[in-house]
Amino acid sequence: MCRHLAYLGPPATLAELLLEPPHSLLRQTWAPADMRGGGSVNADGFGVGWYDEAGTPMRYRRSCPMWADSNLADLARSTRSAAVLAAARNGTAGMPVIETACAPFRDGRWLFSHNGRVAGWPDSVEKLAARLPTVDLMTLDAPTDSALLWALVRHRVRAGDTLGDAVAAVTAAVVAAAPGSRVNLLVTDGTAVAATTWAHSLSLRHDDGAVLVASEPCDPADPRWHPVPDGHLVTATPSDVQVSPIDA
């Protein structure tokens, strides 16, 4: 499975968030601690999304392992942001290893990531996909379960759902249609974060006007990290965090 994280708080460099912690996202690409049977490394690409001072989301994605990108360190040291979403990919067998399959997926102000897999793909979610506008299906970033989940979430947000309502509803719909799926979704608009846990790990750190949501704690020895129970929704801003069960 993939690894992902989101940060909201005082501006920090990408290096401080992704490269320098003792169990950073970079380290999790080759030494993840909690894959739960979903593979051993996260080497099928990565992506970083961040918001500039005007609140516009920027993005950098590669199809190579995070450790193999010689440009990332310089980019990460020189880029500072108050809102970041990043992911390292462990592709599901049979799905392409290409740049456009790497999170974060982006539309307008939104950035999105999925950690997990849809069981029985693609037949199991055919009826869910049929609810989407044809143009959305024709313009998926990649022929992958994660890209479809992003289209389902985006469709709900465009229709007026909050980020939390959208990811909770899509998580519930997918696990009902495809039992055995792992559906950890993560989305931000640069001011708030919403995340779900379903059959995979997620942890949370909230203090000092900042919030970090991540597949694994970036510093496991830091007591400020807390695991999010399975089957729950997290909605967070730098000043407030809510954790509630998903009605599935």
Side-chain angles (χ1 to χ4, degrees), residues 2-21 23-29 42 44-89 99-115 141-142 146-147 150 153-154 157 163-164 166-167 184-195 202-219 234-239 241:
C2 307
R3 306 283 83 182
H4 58 200
L5 68 78
Y7 169 80
L8 298 175
T13 65
L14 299 182
E16 291 173 312
L17 296 171
L18 308 179
L19 308 183
E20 297 173 3
H23 192 59
S24 64
L25 186 67
L26 173 61
R27 181 173 179 80
Q28 291 172 37
T29 61
N42 299 284
D44 296 324
F46 71 94
V48 185
W50 67 94
Y51 290 76
D52 66 12
E53 293 181 353
T56 302
M58 304 296 173
R59 186 175 57 172
Y60 181 74
R61 297 191 295 179
R62 296 292 306 279
S63 58
C64 65
M66 196 173 185
W67 68 74
D69 186 343
S70 60
N71 298 312
L72 178 61
D74 286 344
L75 172 68
R77 284 192 295 265
S78 62
T79 303
R80 182 179 297 271
S81 179
V84 174
L85 191 153
R89 184 173 184 239
E99 183 178 296
T100 55
C102 297
F105 299 99
R106 179 180 64 181
D107 190 286
R109 287 184 51 81
W110 308 311
L111 295 172
F112 172 87
S113 176
H114 164 230
N115 171 27
D141 285 51
S146 297
W150 167 225
V153 169
R154 181 182 60 190
V157 175
L163 296 181
V167 293
N184 277 26
L185 307 183
L186 181 60
V187 63
T188 184
D189 62 0
T191 64
V193 167
L202 192 70
S203 291
L204 172 69
R205 196 189 85 186
H206 180 228
D207 63 281
D208 301 329
V211 61
L212 260 170
V213 181
S215 298
E216 299 181 14
C218 303
D219 183 353
V234 176
T235 53
T237 66
S239 60
V241 172

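All values derive from a computational prediction rather than experimental measurement.
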Visitor: Would a distance-only check, ignoring hydrogens and angles, find a side-chain to backbone donor-acceptor pair under 3.5 Å from Arg109 to Gly190?
Guide: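 Checked: no pair found.
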Visitor: What's the verdict on side chain to side chain contact (heavy atoms under 4.5 Å, CB included) for Asn42 and Met66, showing C-alpha distance, side-chain angles and the deciding distance?
Guide: CA-CA 9 Å; Asn42 299 284; Met66 196 173 185; over 6 Å; no
Visitor: Output yes when a side-chain donor or acceptor of Thr235 lies under 3.5 Å from a complementary backbone atom of Ala194, and no otherwise.
Guide: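 Not at all, since once roles are kept as given, no pair shorter than 3.5 Å links the two residues.
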Visitor: So which atom in Ala142 and which in Ala147 form the shortest heavy-atom distance, rounded to 0.1 Å?
Guide: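 What the structure gives for the nearest pair is O-CB, 3.2 Å.
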Visitor: Output all residues satisfying ring-ring contact (aromatic ring centres under 6.0 Å, His included) with Phe112, sequence neighbours left out; order by chain, then residue number.
Guide: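 With neighbours one apart ignored, the set is Trp150.
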Visitor: Begin with the C-alpha distance, continue with both residues' side-chain angles, and end with the deciding distance and a verdict on side chain to side chain contact (heavy atoms under 4.5 Å, CB included) for Tyr60 and Phe46.
Guide: CA-CA 8 Å; Tyr60 181 74; Phe46 71 94; 4.0 Å; yes
Visitor: In the structure I gave you, are the side-chain heavy atoms of His206 and Val234 within less than 4.5 Å of one another anywhere?
Guide: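 In short, these two side chains do not touch, never coming nearer than 4.5 Å.
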Visitor: Does any part of the side chain of Val211, heavy atoms only, come nearer than 4.5 Å to the side chain of Leu204, both counted from C-beta?
Guide: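 Yes. Closest side-chain heavy atoms under 4.5 Å.
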Visitor: To check you understand the geometry: which heavy-atom pair defines the closest contact between Ala192 and Thr188, and what is its length?
Guide: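 Between these two residues, the closest heavy atoms are O-OG1, 2.7 Å.
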Visitor: Any idea which heavy atoms bring Ala83 and Leu8 closest together, and the distance?
Guide: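 Smallest heavy-atom distance, with atoms named: CB-CD2, 3.5 Å.
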Visitor: So, using salt bridge (charged side-chain N to carboxylate O under 4.0 Å, His left out) as the criterion, who are the partners of Asp219 when residues are at least two apart?
Guide: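 Per chain and number, Asp219 pairs via salt bridge (charged side-chain N to carboxylate O under 4.0 Å, His left out) with no residue.
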Visitor: Is there a side chain to side chain contact (heavy atoms under 4.5 Å, CB included) between Val193 and Leu186 once you walk through the steps?
Guide: CA-CA 7 Å; Val193 167; Leu186 181 60; 3.7 Å; yes
Visitor: List in chain and number order the residues that pass salt bridge (charged side-chain N to carboxylate O under 4.0 Å, His left out) with Arg62, two or more places apart in sequence or in another chain; answer none if no residue qualifies.
Guide: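 With sequence neighbours excluded, Arg62 shows a salt bridge (charged side-chain N to carboxylate O under 4.0 Å, His left out) to Asp69, given in chain and number order.
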Visitor: In Å and rounded to the nearest 0.5 Å, what is the OG to CD distance from Ser24 to Glu216?
Guide: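 One finds 10.5 Å between OG of Ser24 and CD of Glu216.
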Visitor: Find out whether Leu85 and Ser113 are in side-chain contact, i.e. whether some heavy atom of one side chain is under 4.5 Å from a heavy atom of the other.
Guide: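 Heavy-atom side-chain distance check passes, below 4.5 Å.
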Visitor: If you round to the nearest 0.5 Å, how far is CE of Met58 from CG of Leu111?
Guide: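 Here the interatomic distance stands at 11.0 Å.
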Visitor: For Cys2, is there any backbone N or O sitting under 3.5 Å from a side-chain donor or acceptor partner on Asn115?
Guide: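 Indeed, once roles are kept as given, a pair shorter than 3.5 Å links the two residues.
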Visitor: Starting at SG of Cys218, measure out to CG of Leu19 and round the result to the nearest 0.5 Å.
Guide: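 Going from SG on Cys218 over to CG on Leu19, the span is 11.0 Å.
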Visitor: Check whether any side-chain N or O of Asp208 sits under 3.5 Å from a backbone N or O of Ala210 as a donor-acceptor pair, and report yes or no.
Guide: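 Side chain of Asp208 to backbone of Ala210, a donor-acceptor pair under 3.5 Å: no, none is there.
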Visitor: Do you know which two heavy atoms are closest between Gly108 and Pro57, and how far apart they sit?
Guide: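 Closest approach of Gly108 to Pro57: O-CG, 3.1 Å.
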Visitor: Could you go through Leu72 and Leu14, starting from their C-alpha distance and side-chain angles, then the distance that decides it, and tell me whether this counts as side chain to side chain contact (heavy atoms under 4.5 Å, CB included)?
Guide: CA-CA 9 Å; Leu72 178 61; Leu14 299 182; over 6 Å; no
Visitor: Rounded to the nearest 0.5 Å, what separates atom CG in Leu202 from atom CG in Leu185?
Guide: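 Going from CG on Leu202 over to CG on Leu185, the span is 10.5 Å.
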Visitor: For residues Leu5 and Leu18, determine if any side-chain heavy atom of one lies less than 4.5 Å from a side-chain heavy atom of the other.
Guide: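 Leu5 reaches Leu18 side chain to side chain.
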Visitor: With the side chain counted from C-beta on, respond yes when Pro104 and Arg59 share a heavy-atom pair under 4.5 Å apart, and no when they do not.
Guide: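 Yes, their side chains come closer than 4.5 Å.
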Visitor: Atom CG in Asp52, atom OG1 in Thr79: separation rounded to 0.5 Å?
Guide: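 One finds 11.0 Å between CG of Asp52 and OG1 of Thr79.
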Visitor: Taking the side chain as every heavy atom from C-beta outward, state whether Thr13 and Arg77 have any pair of such atoms under 4.5 Å apart.
Guide: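 A side-chain contact is absent here, since even the closest heavy-atom pair is not under 4.5 Å.
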Visitor: With side chains defined as the heavy atoms from C-beta onward, is the minimum distance between Arg61 and Phe105 less than 4.5 Å?
Guide: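 Yes, at least one pair of side-chain atoms sits under 4.5 Å.
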Visitor: Is there a side-chain contact between Leu163 and Val157, using heavy atoms and a 4.5 Å cut-off?
Guide: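 Yes, close enough: below the 4.5 Å cut-off.
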